[in-house]
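I have placed the structure first, in the form of structure tokens, so that the comments after it can refer back to it.
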Amino acid sequence: MIFHPTPLKGAHLVEPEKRGDDRGFFARFFCEREFAAAGLTSHFVQINNSLTAKKGTLRGLHYQLPPTAEVKLMRCLRGAIYDVIVDLRPDSPTYRKWFGAELSESNRLMMYAPRGFAHAVLTLRDDTEILYPVSAFYAPEHERGLRYNDPAFSIDWPIAPVEISPKDAAWPDFDPAFHGVEHLRGL
């Protein structure tokens with residue numbers, strides 16, 4: 001596996017190393033030893049699978065506060081997504097910065113989002129399917145979110161979202177107290 005650091009501290013794009021011949025190829029989705037050697041979380045407690053029917057559907061920006069802050073490893077199996085992460089760790093040199101990348105069935109890239117990062121997916125094609133391991137179980141009492149168009153972050157989406165859940169559209173403007181960022185210090 002090839003780990004490409006992003007501009008955000010601790011976040012990576014992960015590229016599988018393909019080994020192939022005229023039959024096709026083999027590549028690892030995950031290797032505990034390689035992730036650990038790269039200093040990344042190598043323990044995941046569940047693997048989520050999501051299918052989104054419509055291009056322009058936005059899911060996120062979601063995160064969980066400690067003790068259930070989670071690492072996510074996003075992979076697009078079918079279609080394409082614009083995957084966005086926002087660093088919410090107040091002691092990080094990239095605090096309040098965002099990074100986005102296209103993940104698709106053809107480029108096979110994965111986004112590694114550390115604890116303390118908000119995360120969102122915007123589908124770029126109809127019938128897009130993603131698979132993503134997470135390092136902590138879902139805990140609704142620790143869930144928080146950012147609104148996709150919050151002026152505090154000015155995320156540059158490649159297309160306008162056309163479908164957003166009422167919950168994701170209703171997150172308030174960024175407020176460090178409401179969003180619990182002090183709980184993310186030291187992650």
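None of these values were measured; they are calculated from a predicted model. Numbers for residues simply follow the sequence, beginning at 1.
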Query raised in the report: Within a reach of under 6.0 Å around NE2 of H179, are more than 12 heavy atoms found that belong to other residues, nucleotides or ligands?
Result: yes

Query raised in the report: Do the two ring centres, one from Y112 and one from F3, sit under 6.0 Å apart?
Result: no

Query raised in the report: Do side-chain atoms of R144 reach the backbone of F178 as a donor and acceptor pair under 3.5 angstrom?
Result: yes

Query - Test side chain to side chain contact (heavy atoms under 4.5 Å, CB included) applied to L77 and F29, step by step - result: CA-CA 11 Å; L77 300 175; F29 175 87; 5.5 Å; no

Report summary line: Distance col, row H4:NE2 vs M110:CE, nearest 0.5 angstrom, shows 10.0 Å

**Report entry** Nearest-0.5 Å distance that lies between atom CD in E17 and atom CZ in R108
**Finding:** 14.5 Å

Requested in this report: Walk me through it: do H183 and H142 pass the test side chain to side chain contact (heavy atoms under 4.5 Å, CB included)?
Outcome: CA-CA 11 Å; H183 297 287; H142 296 291; over 6 Å; no

Query raised in the report: So, does S42 use its side chain to make a donor-acceptor pair with the main chain of F35 at under 3.5 Å?
Result: no

Query - Donor-acceptor pair, side chain of N107 and main chain of S104, under 3.5 angstrom - result: yes

**Report entry** Within 6.0 angstrom of R185 CZ, more than 12 heavy atoms from elsewhere
**Finding:** yes

**Report entry** Under 3.5 Å: donor-acceptor pair, side chain of T123, backbone of G56
**Finding:** yes

Query raised in the report: If you measure from CG on L146 to CG on D175, what distance do you get to the nearest 0.5 Å?
Result: 11.5 Å

Requested in this report: For L13 and F99, run side chain to side chain contact (heavy atoms under 4.5 Å, CB included): C-alpha distance rounded to whole Å, both residues' side-chain angles, the deciding distance at 0.1 Å, then the answer.
Outcome: CA-CA 11 Å; L13 286 174; F99 174 76; 4.2 Å; yes

**Report entry** Beyond-backbone contact of L40 with E34, side-chain heavy atoms, under 4.5 angstrom
**Finding:** no

Query raised in the report: Does a side-chain heavy-atom distance below 4.5 Å link L184 with P90?
Result: yes

Report task. Verify salt bridge (Lys or Arg N to Asp or Glu O under 4.0 Å) between D87 and R89, making sure each step is shown before the conclusion. Result -> CA-CA 6 Å; D87 188 350; R89 302 166 301 174; 2.9 Å; yes

Query raised in the report: Going by the angle between their ring planes, with limits at 30° and 60°, are Y132 and H119 parallel, tilted or perpendicular?
Result: tilted

**Report entry** Main-chain N/O of Q64 paired with E70 side-chain donor or acceptor, under 3.5 Å
**Finding:** no

Requested in this report: Take E102 and C76, measure what side chain to side chain contact (heavy atoms under 4.5 Å, CB included) needs, and give me the verdict at the end.
Outcome: CA-CA 9 Å; E102 183 173 325; C76 182; over 6 Å; no

Report task. Identify whether L58 and F174 are in the same connected component of the hydrophobic contact network (ILVMFWY, side-chain heavy atoms under 4.5 Å). Result -> yes

Requested in this report: Would you mind reporting whether W157 and V84 have side-chain heavy atoms less than 4.5 Å apart?
Outcome: yes

Query - Backbone N/O of V71 and side chain of S135: donor-acceptor pair under 3.5 Å - result: yes

Query - Rounded distance (nearest 0.5 Å) linking atom CZ of F117 with atom NZ of K9 - result: 9.0 Å

Requested in this report: Tell me whether M74 is reachable from V14 by hopping between hydrophobic residues (I, L, V, M, F, W, Y) whose side-chain heavy atoms are closer than 4.5 Å.
Outcome: no

Requested in this report: Find the distance between CD1 (I155) and CG (L61) and round it off to the nearest 0.5 Å.
Outcome: 4.5 Å

Query raised in the report: Are Y63 and I85 connected in a single hydrophobic cluster, I mean Ile/Leu/Val/Met/Phe/Trp/Tyr linked by side-chain heavy atoms less than 4.5 Å apart?
Result: no

Query raised in the report: In Å and rounded to the nearest 0.5 Å, what is the CG to NZ distance from L122 to K55?
Result: 9.5 Å

Query - Donor-acceptor contact present, side-chain D83 to main-chain L103, <3.5 Å - result: no

Query raised in the report: Would you say the side chain of K97 lies within less than 4.5 Å of the side chain of P7, judging by non-hydrogen atoms?
Result: no

Query raised in the report: Can I164 be reached from I81 by stepping across I, L, V, M, F, W or Y side chains whose heavy atoms are under 4.5 Å apart?
Result: no

**Report entry** In one Ile/Leu/Val/Met/Phe/Trp/Tyr side-chain cluster, 4.5 Å: L51, L131
**Finding:** no

Query raised in the report: Can a donor-acceptor pair be found between the side chains of E143 and Y138 at a distance below 3.5 Å?
Result: yes

Report summary line: When every non-hydrogen atom of P16 is compared with those of A27, the smallest separation belongs to CB-CB, 3.7 Å

Query raised in the report: Quick check: does any side chain N or O of T6 sit under 3.5 Å from a backbone N or O of A11, one acting as donor and the other as acceptor?
Result: yes

Query raised in the report: Are M1 and H12 close enough that some pair of their side-chain heavy atoms sits under 4.5 Å apart?
Result: no

Report summary line: When every non-hydrogen atom of T68 is compared with those of A136, the smallest separation belongs to O-CB, 3.4 Å

